[in-house]
Number of protein chains: 2
Amino acid sequence: MIHMSDELSERQQKILKLIVQEYVHTGRAVGSKALIDRYKLGVSPATVRNDMGILEDQAFLQHPHTSAGRVPTDSGYRYYVENLLGNPRVPMSEQIRIRHQFSQVEMQVAASMKLAAAVLAEASGNIALISPPRSIQETVRHFELISLRDHLILLILVTQSGTVHESFLHIDDPVDQETLSATSRQLNDEIRDMRHTEIQLQASRHESFSALVLEQIAALMQRTEQESTAELHSEGLERALRQPEFSHGGVAQQLLEVLRGGALLSVLLPQVRQKDDLRIFIGSENVSDELQSYGVIIARYGATSEVTGLLGILGPTRMPYDRSISTVRYVSHLLSDLLRHVHADEPEQ
Amino acid sequence: MIHMSDELSERQQKILKLIVQEYVHTGRAVGSKALIDRYKLGVSPATVRNDMGILEDQAFLQHPHTSAGRVPTDSGYRYYVENLLGNPRVPMSEQIRIRHQFSQVEMQVAASMKLAAAVLAEASGNIALISPPRSIQETVRHFELISLRDHLILLILVTQSGTVHESFLHIDDPVDQETLSATSRQLNDEIRDMRHTEIQLQASRHESFSALVLEQIAALMQRTEQESTAELHSEGLERALRQPEFSHGGVAQQLLEVLRGGALLSVLLPQVRQKDDLRIFIGSENVSDELQSYGVIIARYGATSEVTGLLGILGPTRMPYDRSISTVRYVSHLLSDLLRHVHADEPEQ
DNA sequence: AGTTAGCACTCTCGCATGATGAGTGCTAAT
DNA sequence: ATTAGCACTCATCATGCGAGAGTGCTAACT
């Protein structure tokens, strides 16, 4: 009341920082005594209490009850992340370890995704989120027709992002593999780099079998375009559930529901539009209600600004922001490099 | 003590059946009074108690504590499943609904798998397990080489089971698409229906590029053969967690760990070897320790005896065995039909 | 011999009670 | 501005008690 400056003193910042770190570490409200005991501040508990009081006035801290220690508020975490954290980097030893793991899976995109998720989950002890790299407007790169047996053909489609799609095609009159190859060779040239709407159009210029194939391709692309909005994989749930936050029954279920519905992705997608964007949402900063007690760190990775995906970490607001942020950033760059190597024409940097 | 017959009287069977059903339904130990209240047995609570005592002597029932009602033991469930259940069928209305859903996804194998899992989870309120259809010894059906850009080729491989695998191939000297097509045409004829070991052998008869391709194919097949032992998807976890059994914190985590490691599949695999086998493991009947308080119903589906997969339900021992068993059986047949349609040459029955 | 009524007994569950202890906020002294 | 001292608050835990559900046993009944 007396002291209403918006600036925090050096010591207050230090205390806030220590409280956040201590609380993130132990999971229990931290009191003035405990703070003095563990860290060497040159001051008495009473002084710390005064500062804590001020921090509470500024809404960076709160008590659960009158007689418990302090816990950071969402704004407290926010202040910590923005002003007290510097620019955290993944330790060199860790970088080497991670790079080595990536070199193992070489250029396998799907395997790299899994690995990225595993690394993120491991580093943060929380849930890793990842959506595969997709083009905003997928176009055709190549397709093949493979005769499985009479009346049944396997259609394989490779799109701009390098994703492989497959679909079965039923036909009334048998077509042999030679004809299939001939057809696909011709059509491939026609529809290369086309979007599904253009292909739909192109289909109308053909007849019978060719038209059927083109329509199937258009449909397949449209379908995956819709689905790609809902594809968000997660990893590390079982480890995350070890956290005390989640030990209570219903929370696990609620968390699963958040992850499963496509809702999460559609909330996150518009928040990080540009490649290399990295955003942090702490508790109430999340737009969706279910995430009010969670923290989300999310980044967009990608080869070009066309072919991109999302990756990040979801955990309780009480999470190790330093390690989480640095790891998300680092892994996101690694994935971007990898994709650039696969997609773009310039060599990796 | 006086009465030690191994046979259960008509009434005792009826009581056991009702106890199982009531307990499965309510989740709470059932007492003599409650049973009389809900169902019209023509006898008094005391009589029921006597019979309960006998059922307990036979180890079909147990009390949690002296003053609680009875709960079925694992053997109780076993007796129920074997002798009191008849041969449960999925109700016609349900069959129609399910068949209709399947007709929507038509012949898309991947989508059918998902649907099957969803149906199982829905019907039982528990966790659906499903492993994709794989051949024990996968052989090559067809492969394609697609030039993505200089030095980078996409290899697409279709195996006997109809599964599509993809892999990137790095080469030092650029090869144009024409050459790729020519190469693949020739090699396709050579290695059709070969296993990975044979391909490996075949690779040694070729040089440079062709050898590289064949080796990559062999490696890819070998890799997926190993992985297919670990591929078991689950569905419906979040719903299952609503059950009181799972409401306690740590259980959810334990359950996730069981599902995630490939351990579960490798335990289950040898138990159901033949197509259309359906087996039930109740609590302690499970070989693995983590499953001691769960019930598993698992069946093998497949087009032929070569190309098969597993599907089933995992839940607490207290689960609706009637609906679960009938649904597993029904869906398993549906999937088999579907696969037969895609793989085998005879039309679906 | 099987069934039933009656009754004492057991054990869980929920609730109130009280002691403990960590931690605070305030005041006055430094 | 900092600190010591102290009264006060409130979660947590153990304890104790009453209520209720359900049993097991015995003796009477058909």
Side-chain angles (χ1 to χ4, degrees), chain A residues 1-5 7-16 18-19 22-23 26-73 244 247-248, chain B residues 1-5 7-16 18-19 22-23 26-73 244 247-248:
Chain A
M1 286 299 180
I2 310 141
H3 181 88
M4 252 320 199
S5 152
E7 301 298 329
L8 295 185
S9 76
E10 197 94 3
R11 193 181 58 219
Q12 284 158 5
Q13 294 198 0
K14 184 167 184 180
I15 288 174
L16 176 55
L18 289 178
I19 288 177
E22 183 69 9
Y23 178 62
T26 66
R28 278 180 315 209
V30 359
S32 52
K33 184 85 183 321
L35 212 58
I36 300 279
D37 288 351
R38 198 160 326 237
Y39 305 95
K40 294 206 198 305
L41 310 182
V43 293
S44 78
T47 310
V48 173
R49 275 206 291 283
N50 285 335
D51 280 345
M52 282 175 159
I54 294 169
L55 287 167
E56 190 173 349
D57 288 344
Q58 309 252 10
F60 293 136
L61 295 181
Q62 72 187 89
H63 321 221
H65 8 276
T66 324
S67 82
R70 257 60 168 222
V71 164
T73 60
S247 68
H248 192 276
Chain B
M1 285 299 179
I2 310 140
H3 181 87
M4 252 319 197
S5 153
E7 301 295 331
L8 295 185
S9 75
E10 196 93 4
R11 192 181 59 219
Q12 285 158 3
Q13 294 198 357
K14 185 168 186 180
I15 288 174
L16 176 54
L18 289 179
I19 289 177
E22 184 69 9
Y23 179 63
T26 67
R28 279 179 315 208
V30 1
S32 52
K33 183 84 184 322
L35 212 58
I36 299 279
D37 287 352
R38 200 161 325 241
Y39 306 94
K40 294 205 198 307
L41 312 182
V43 292
S44 78
T47 309
V48 173
R49 275 204 293 282
N50 285 335
D51 280 345
M52 282 174 158
I54 294 168
L55 287 168
E56 189 173 348
D57 289 343
Q58 309 252 11
F60 292 136
L61 294 181
Q62 73 187 93
H63 325 217
H65 8 276
T66 325
S67 83
R70 257 58 170 223
V71 164
T73 62
S247 70
H248 192 275

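These numbers come from the heavy atoms of this one structure, side chains and all, not from hydrogens, waters or symmetry mates. Since this is a predicted model, take the numbers as computed values, not measurements. So you know, we letter chains A, B, ... as the sequences are listed, proteins then strands, and number each from 1.
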Please state how far atom [atom1] in [X] lies from atom [atom2] in [N], giving the value in whole angstrom units.
| X | N | atom1 | atom2 | answer |
| --- | --- | --- | --- | --- |
| A:His65 | D:dC10 | NE2 | P | 10 Å |
| B:Leu55 | D:dT23 | CG | C1' | 15 Å |
| B:Asn50 | D:dC25 | CG | P | 10 Å |
| B:Met52 | C:dT3 | CE | P | 15 Å |
| A:Gln12 | D:dT2 | CD | C1' | 14 Å |
| A:Gln62 | C:dG25 | CD | C1' | 18 Å |
| B:Ile36 | D:dA21 | CD1 | C1' | 15 Å |
| B:His63 | C:dT12 | NE2 | P | 13 Å |

Quiz item: Does A:Gly69 or B:Pro45 map to a spot on DNA chain C nearer the 5' end, using the closest nucleotide for each?
Solution: B:Pro45
Among [options], find the nucleotide with the atom closest to the side chain of [X].
| X | options | result |
| --- | --- | --- |
| A:Thr66 | C:dT12, D:dT9, C:dT4 | D:dT9 |
| A:Lys33 | C:dT24, D:dG22, C:dG23 | C:dG23 |
| B:Arg49 | C:dT24, C:dA5, D:dG24 | D:dG24 |
| B:Ser67 | D:dG24, C:dG25, C:dC11 | C:dC11 |
| A:Thr47 | C:dC26, D:dG22, D:dT3 | D:dT3 |

Quiz item: Think A:Arg28 has a side-chain N or O under 4.0 angstrom from the OP1 or OP2 of C:dA22?
Solution: no
Quiz prompt | Phosphate contact (C:dT24 OP1 or OP2) by A:Arg70 side-chain N/O below 4.0 Å | solution = yes
Quiz item: Checking side chain to side chain contact (heavy atoms under 4.5 Å, CB included) against B:Val43, which of B:Ile15, B:Asn50, B:Val48 comes through?
Solution: B:Val48
Self-check item: Test applied, side chain to side chain contact (heavy atoms under 4.5 Å, CB included); reference residue, A:Val30; option that passes from A:Val71, A:Leu35, A:Leu61
Solution: A:Leu35
Exercise. Indicate yes or no for a side-chain donor-acceptor contact from A:Ser32 to the backbone of A:Arg49 under 3.5 Å, with no hydrogens or angles considered.
Key: no
Self-check item: Residues, nucleotides or ligands: over 12 heavy atoms within 6.0 Å of B:Arg11 CZ
Solution: yes
Practice problem: Taking the side chain as every heavy atom from C-beta outward, state whether A:Phe60 and A:Ile19 have any pair of such atoms under 4.5 Å apart. | Solution: no
Practice problem: Name the nucleic acid region contacted by B:Arg11, choosing base, sugar-phosphate or nothing; use a 4.0 angstrom heavy-atom cut-off, strictly under. | Solution: sugar-phosphate
